[in-house]
There are 2 protein chains.
Amino acid sequence: MKNLFLAISVLIALTSCTNINPTTANVVAINKTDSTTIKHLFNTALTNGQCYQMLDVLSNDIGGRLSGSLEAQQAVEWGEKLMKDLNFDKVWLQPVMVPHWVRGEKEEAYFTSNNEKVNVPICALGGSIATPEKGIEGEVIEVQSLKEAEGLGEKLRGKIVFYNRPFDHTFIQTFKAYGGCADQRYSGAKVAGKFGALGVIVRSMTHNIDDYPHTGAMSYGNLKDSEKTPTAAISTRAAEQLSKSLKENPNLKFYFKQSCKTLPDAPSFNVIGELTGSKFPDRFITVGGHLDSWDIGDGAHDDGAGVVQSIEVLRLFQLNNIKPKHTIRVVLFMNEENGLRGGKKYAEEAKKNNEIHIAALESDSGGHTPRGFSFDANNKHHELFLSWKPLLAPYGLHDIKKGGSGADIGPLKSETISLFGYKPDSQRYFDYHHAATDTFDKVHKRELELGAASMSALVYLLDTYLQ
Amino acid sequence: MKNLFLAISVLIALTSCTNINPTTANVVAINKTDSTTIKHLFNTALTNGQCYQMLDVLSNDIGGRLSGSLEAQQAVEWGEKLMKDLNFDKVWLQPVMVPHWVRGEKEEAYFTSNNEKVNVPICALGGSIATPEKGIEGEVIEVQSLKEAEGLGEKLRGKIVFYNRPFDHTFIQTFKAYGGCADQRYSGAKVAGKFGALGVIVRSMTHNIDDYPHTGAMSYGNLKDSEKTPTAAISTRAAEQLSKSLKENPNLKFYFKQSCKTLPDAPSFNVIGELTGSKFPDRFITVGGHLDSWDIGDGAHDDGAGVVQSIEVLRLFQLNNIKPKHTIRVVLFMNEENGLRGGKKYAEEAKKNNEIHIAALESDSGGHTPRGFSFDANNKHHELFLSWKPLLAPYGLHDIKKGGSGADIGPLKSETISLFGYKPDSQRYFDYHHAATDTFDKVHKRELELGAASMSALVYLLDTYLQ
């Protein structure tokens, strides 16, 4: 009996040695159990991963899945069935009403300069109204910013306002270049409409000079219906052409036609699955991406990648027989692109049900090769998270730093939760973002798998070291 | 006059303050001049870069350029003209005799199992002999390693030996997976030939299961002519098929035919350009890639990327009006792929001319997004190089560590030189390496430019801090 006690004591000592619980300490020593577990998670993802095959189905069999569409509903059913087939402990649908904007017929646009008609690729921005059936035609005023448009004021009346500020190529992180331009797309019509513009055309959000218009959400803010103007994105090559032609012929006419419209809100769902925690079943770590996508591509990178990686995190736990202490939830959020209704609903329900969320991780920056995680958390855990760097660096995860997390998990923000964004390499992301080029063939199998493994490693560490 | 002296003294003090010379100290403080200069180099590469356009010409107008070929000669002339047009201080050709192996007609291969003929994609390995004109056909022995083949010994006689050890997917750095398999390709025939094998087939060196055979160098070692057997790479999908069929039908027959041959050595050149050093013109920092490539792709990643990035390093110095203290040489090495004659010749001439090379940097790992540099140097500079990490990290260059450098600069190795290898992300590299898929469209403009800027930053630091 004495020997048994001794054996148990040794076992407990060993266990506590390899499972340091630093809830009171901010910095923990790196231990071998962690590095071994993380290695196993990566090995499994790279040799027995399924996320690439899942993404093939979501991208190629279902395709673009804008909120309210038939494809969005198919994606909901796909996600639910997949997680049930994977035997997650619980799988359910969380109802949410979503905006229902439809593109209608393919848009048309051209401009006429020196009696020459130049066809240009455009696409309506999400949320825009249609043009009249015969389209609209007008002179163009090119501006570089909302401020410049504001300054022109009444001169915009009856004109097509053309926002043409390009990406700043000198940002190494391409999301910064995007952040420096996206106000034109989101708020361009709000400013131009105030002054009676006839329409709005916005340069596409990409570094490349190519023929693909990139759609995305726009808002009319508080404009009256009479002030709302049709708004579209134009490909960067056409934007360059138009700008050049305007210099030669400032009175040239631009024509475009689109038939998009906003229907009544539609019923939809967040899709949720979980592995129930062994020790703290009522404390949650959420990992997710958004299930909806724009309609003109397949939404493979944005955000099919995040969806399948999030499901894969739980699958990698299962395959490695990791029984999480906390409940790990995967949430496939609906309607990130044009409303964020899913993210808001999830946070609302969590609050209503008094759920304690200790951490959340979002993957919504594409499926490229891993670079790191940004975190948004109270300072208590700052040093703890940085102390994980040596565990993550062997997998190319060097950028572990304070910053944003993700749109869908943002509404969960509180004093007590730690929010994380998965950060893959960003160089190629805006080649595809919101464009017809966002298709499955642009996703690299190993890069996607490494991302899923990276996320599983972080969730493992959060489950191990947070309470 | 006194004021002038004072002004000069202050200027000198300021200069030495911002240009710390640590030849005696191993660790230096990061200074603002360095970070500003590096930022300028990146800005220039990303807004006024030319390496992508250079690579377009090299890949698409010239294409695959195996040593001794017409295309290799065209590439030499292209490189020389380009560097002269860029007004480098000196540009010249360094003669070198190279192996001249030619592929001949497109290879053919199939196997017959249960009376069904299955065509399979193969390509001759560089250096292999041809089959007889009518091809060879024989039973197949599948092995996983050279050791297994050695063990089978006389059982290999008259058989086609099929090396089929796949990449280990669990290596995060894909070069390690390659390193774990490439002995089959290089030495497979040497082992099989000793025991009278009829031919050798080697599984292609890639993670993917696809239809592209990957060529590469092989060697017969010291085998007698009578022991040399035709050797080819087989696509991974076909390798899997063949392996499966062998399990069902161990006596199936494999047929292949190739008409490659080795011609007499041919004259060729390393192409060299330099910016002459302002302070130490007879001390050299070399930056280079290899100009030759395999014949079945365009050699865009391997190593067109390294070639144009190396030229771009000097161009970025020019555009930023950086006058290097040491002479910075770009060397476009000939014949890395199947002989390394260019690298050897360059080192031989350097020695003969008593040139003092203080550092060399090679880019021969593809044109993907930057990850870091490995270095091979005496320990004196170890801490110095590591101290540059904070300067390089903002550009995604985190992996600064001791390791290999590059094949072409290897022959320069001595007690006094520091050798560096540029390390871009490796996930996609073996999708293309030595295959028909290595084409310009696989290269991403910003990733290539970031690589050139990364290299220019390192060369700037080497020029600033080494003597």
Side-chain angles (χ1 to χ4, degrees), chain A residues 38-49 52 166-174 176-177 206-210 367-372 389 392-401 423-432 441-451 453-454 457, chain B residues 38-49 52 166-174 176-177 206-210 367-372 389 392-401 423-432 441-451 453-454 457:
Chain A
I38 290 171
K39 181 63 183 151
H40 287 164
L41 289 165
F42 273 88
N43 285 357
T44 311
L46 291 167
T47 57
N48 192 14
Y52 189 71
F167 270 28
D168 180 343
H169 286 240
T170 66
F171 286 113
I172 305 301
Q173 303 299 331
T174 61
K176 290 192 180 165
T206 178
H207 294 87
N208 298 340
I209 301 299
D210 64 25
H368 295 104
T369 197
R371 286 293 195 172
K389 279 188 161 197
L392 300 171
Y395 305 96
L397 296 159
H398 296 279
D399 288 327
I400 314 293
K401 52 190 171 195
K423 299 296 169 202
D425 195 83
S426 73
Q427 297 311 322
R428 296 175 183 230
Y429 189 61
F430 291 97
D431 298 356
Y432 323 128
D441 57 303
K442 308 307 189 317
V443 178
H444 190 266
K445 185 169 182 287
R446 277 179 62 88
E447 292 183 356
L448 186 76
E449 291 167 347
L450 287 167
S454 301
Chain B
I38 290 171
K39 180 66 183 150
H40 287 165
L41 288 164
F42 273 88
N43 285 356
T44 311
L46 291 167
T47 57
N48 192 14
Y52 188 70
F167 270 28
D168 180 343
H169 287 241
T170 65
F171 286 114
I172 305 301
Q173 303 298 329
T174 62
K176 290 192 180 168
T206 178
H207 294 86
N208 298 340
I209 300 299
D210 65 25
H368 296 105
T369 197
R371 285 293 192 171
K389 279 187 159 199
L392 300 172
Y395 305 97
L397 297 158
H398 295 278
D399 288 327
I400 315 292
K401 53 188 171 197
K423 298 296 168 201
D425 195 84
S426 72
Q427 297 310 322
R428 296 175 182 231
Y429 189 61
F430 292 96
D431 298 356
Y432 323 129
D441 56 302
K442 309 305 188 320
V443 178
H444 190 265
K445 185 170 183 286
R446 277 179 62 87
E447 292 182 355
L448 187 75
E449 290 168 348
L450 287 167
S454 301

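Sequence lines set the chain letters: A, B, ... in the order given, protein chains first and strands last, and positions in each chain run from 1. Note that the structure is a prediction, hence the values are computed from the model and not measured. Because only heavy atoms are used, hydrogens play no part in the values below, and waters and symmetry mates are left out as well, while side chains stay in.
Looking at A:Arg371, its side chain does come within 3.5 Å of a backbone N or O of B:Gly396 through a donor-acceptor pair.
Nearest heavy atoms, B:His444 versus A:Gln427: CE1-O, 3.3 Å. Residues A:His169 and B:Arg446 come closest through the heavy atom pair O-NH1, 2.9 Å.
With sequence neighbours excluded, the residues that form a ring pair (Phe, Tyr, Trp, His ring centres under 6.0 Å) with A:Tyr52 are A:Phe440.
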Verdict with supporting geometry, A:His368 and B:Asp425, side chain to side chain contact (heavy atoms under 4.5 Å, CB included): CA-CA 11 Å; A:His368 295 104; B:Asp425 195 84; over 6 Å; no
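For the set A:Thr174, A:Asp399, A:Thr369, the entry with the most heavy-atom pairs within less than 4.5 Å of chain B is A:Thr369.
For A:Asp431, the part sitting under 4.5 Å from any heavy atom of chain B is the side chain, from C-beta outward, and nothing else. Of the atoms belonging to A:Leu450, it is side-chain heavy atoms, and not backbone ones, that fall under 4.5 Å from chain B.
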Donor-acceptor pairs are to be reported for all side-chain atoms of residues 40-49 of chain A against protein atoms at under 3.5 Å, with residues two or more places apart or in another chain.
unit_1, atom_1, unit_2, atom_2, d
A:Asn43, OD1, A:Lys39, NZ, 3.1
A:Thr44, OG1, A:His40, O, 2.7
A:Thr44, OG1, A:Asn320, OD1, 3.3
A:Thr44, OG1, A:Asn320, ND2, 3.1
A:Thr47, OG1, A:Asn43, O, 2.7

